[in-house]
Amino acid sequence: GEISLSLQDSLLFESAWKNYRQGNCQKASIGFKKYLSQFRENGFFNIQAAYYLAECGFYNQKRAIAKENYAFVLQSQRNEFSEKSAKKLAQIYFDEQAFSLANQYFQKLEKYASHSSNLKVARIGQLRSLHSLGDTFGLKRLSFEILAMDNLENDDVSEANMRLGEYFWMVNKKDSA
């Protein structure tokens, strides 16, 4: 007989997931790609498959695969992979000097952050992205938000103060800088 669509969905995902758990990203990627080619829109495991495929892409320097699949994870409603996907996408785009996109994903990370360490990463990432984009008004807001946080490293305080100084300098309030 014929295998039901639901069973196909599960078997295809489980095969790829087994390879992923065993650390074989090459085989897992092939399996996740096959799964997503058949079940991307309505598969029971489509978010998981996209996330694990993105992870394999990220760790094997296949950034296009990572970006496409992390973005897919974030297009869905909030899920267990949203925070990690936003963090990785922000990092990829920042490394590529695509600061506007990096800032967009650092904002998503700030929204999804479940721990203060990721909140700090999100805000500092936004600060650096906006600095690179020349957005002085955004620097002011983020600098104050960062300086109001607990458990900051000295470097974080220095960076936020430096960006705040830049803001005041740029708006001709040199006495405040």
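FYI, side chains are in, hydrogens and waters are out, and symmetry mates aren't considered; it's all heavy atoms of this structure.
In this structure, Phe81 has its ring center at least 6.0 angstrom away from the ring center of Tyr70.
Atom CG of Leu142 is separated from atom CD of Glu110 by 7.0 Å, given to the nearest 0.5 angstrom. Taken from NZ in Lys33 to CD1 in Ile65, the straight-line distance is 3.5 Å, to the nearest 0.5 Å. Distance check, rounded to the nearest 0.5 Å: OG of Ser15 to NZ of Lys34 gives 8.5 Å. Note that CG of Asp150 and OG of Ser116 are 8.0 Å apart. Values are rounded to the nearest 0.5 Å. Here CZ of Phe39 is found 8.5 Å from OG of Ser10. Values are rounded to the nearest 0.5 Å. Considering NE2 of His131 and CG of Asn103, their distance stands at 13.5 Å, rounded to 0.5 Å.
Side chain of Ser82 to main chain of Asn79: a donor-acceptor pair is present (N/O by atom type, distance under 3.5 Å, no hydrogens or angles). With hydrogens and angles ignored, the 3.5 Å screen pairs no side-chain donor or acceptor of Asn69 with any backbone N or O of Leu53. Under the 3.5 Å distance criterion, the side-chain polar atoms of Glu83 are matched with a main-chain donor or acceptor of Ser114. Under the 3.5 Å distance criterion, the side-chain polar atoms of Arg63 are left unmatched by any main-chain donor or acceptor of Ile92. In this structure a side-chain-to-backbone donor-acceptor pair under 3.5 Å is missing from Arg163 to Lys140.
Annotation: side chain of Lys111 is not in contact with side chain of Arg78 (no heavy-atom distance under 4.5 Å). Between Cys56 and Tyr20 the shortest side-chain heavy-atom distance falls below 4.5 Å.
Taking a cutoff of 4.0 Å between a charged side-chain nitrogen and a carboxylate oxygen, Arg40 and Glu68 qualify as a salt bridge. Salt-bridge formation is not detected for the pair Lys84/Glu55: no Lys NZ or Arg NE/NH1/NH2 atom is positioned less than 4.0 Å from an Asp or Glu carboxylate oxygen.
Criterion: ILVMFWY side-chain heavy atoms under 4.5 Å apart, direct or through other members. Under it, Leu11 and Phe45 are not part of a common hydrophobic cluster. Leu139 is not connected to Met162 by any chain of hydrophobic side-chain contacts under 4.5 Å among Ile, Leu, Val, Met, Phe, Trp and Tyr, and they are in different clusters. Taken together through direct or relayed side-chain contacts under 4.5 Å among Ile, Leu, Val, Met, Phe, Trp and Tyr, Val73 and Val121 form parts of separate hydrophobic clusters. If you chain together hydrophobic residues whose side chains sit under 4.5 Å apart, Leu74 and Phe94 never meet in one group. No continuous path of ILVMFWY side-chain contacts below 4.5 Å connects Leu109 to Phe58, so the two sit in separate hydrophobic clusters.
Across every non-hydrogen atom of Asn46 and Glu41, the tightest pair is ND2-O, 3.7 Å. Taking each heavy atom of Asp9 and Gly43 in turn, the nearest pair found is OD2-CA, 3.2 Å. Ala122 and Phe106 get closest at one heavy-atom pair: CB-O, 3.4 Å. The two residues Ala66 and Gly57 have their closest heavy-atom pair at CB-C, 4.0 Å. Between Ala71 and Leu89, the closest heavy-atom pair is N-CD1, 3.6 Å. Taking both residues in full, the closest heavy atoms of Cys25 and Asn60 are given as CB-ND2, 3.6 Å, listed atom of the first, atom of the second, then distance.
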Checklist entry - Arg141 and Gln126: side-chain contact (heavy atoms from CB on, under 4.5 Å), yes or no, with the steps? => result CA-CA 11 Å; Arg141 176 186 59 82; Gln126 288 176 72; 3.9 Å; yes
Checklist entry - Do Thr136 and Trp169 pass the side-chain contact (heavy atoms from CB on, under 4.5 Å) test, and can you show the C-alpha distance, the side-chain angles, and the key distance before you say yes or no? => result CA-CA 10 Å; Thr136 53; Trp169 179 262; over 6 Å; no
Item to check | Check against side-chain contact (heavy atoms from CB on, under 4.5 Å), Ser85 and Tyr51 | outcome: CA-CA 7 Å; Ser85 295; Tyr51 177 76; 3.4 Å; yes
Item to check | Working for side-chain contact (heavy atoms from CB on, under 4.5 Å), residues Tyr93 and Phe99 | outcome: CA-CA 7 Å; Tyr93 284 119; Phe99 298 116; over 6 Å; no
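More than 12 heavy atoms of other residues, nucleotides or ligands sit less than 6.0 Å from atom CG of Asp95.
Using the six-membered ring where Trp is involved, Tyr52 and Trp17 have ring planes that are tilted, between 30° and 60° apart.
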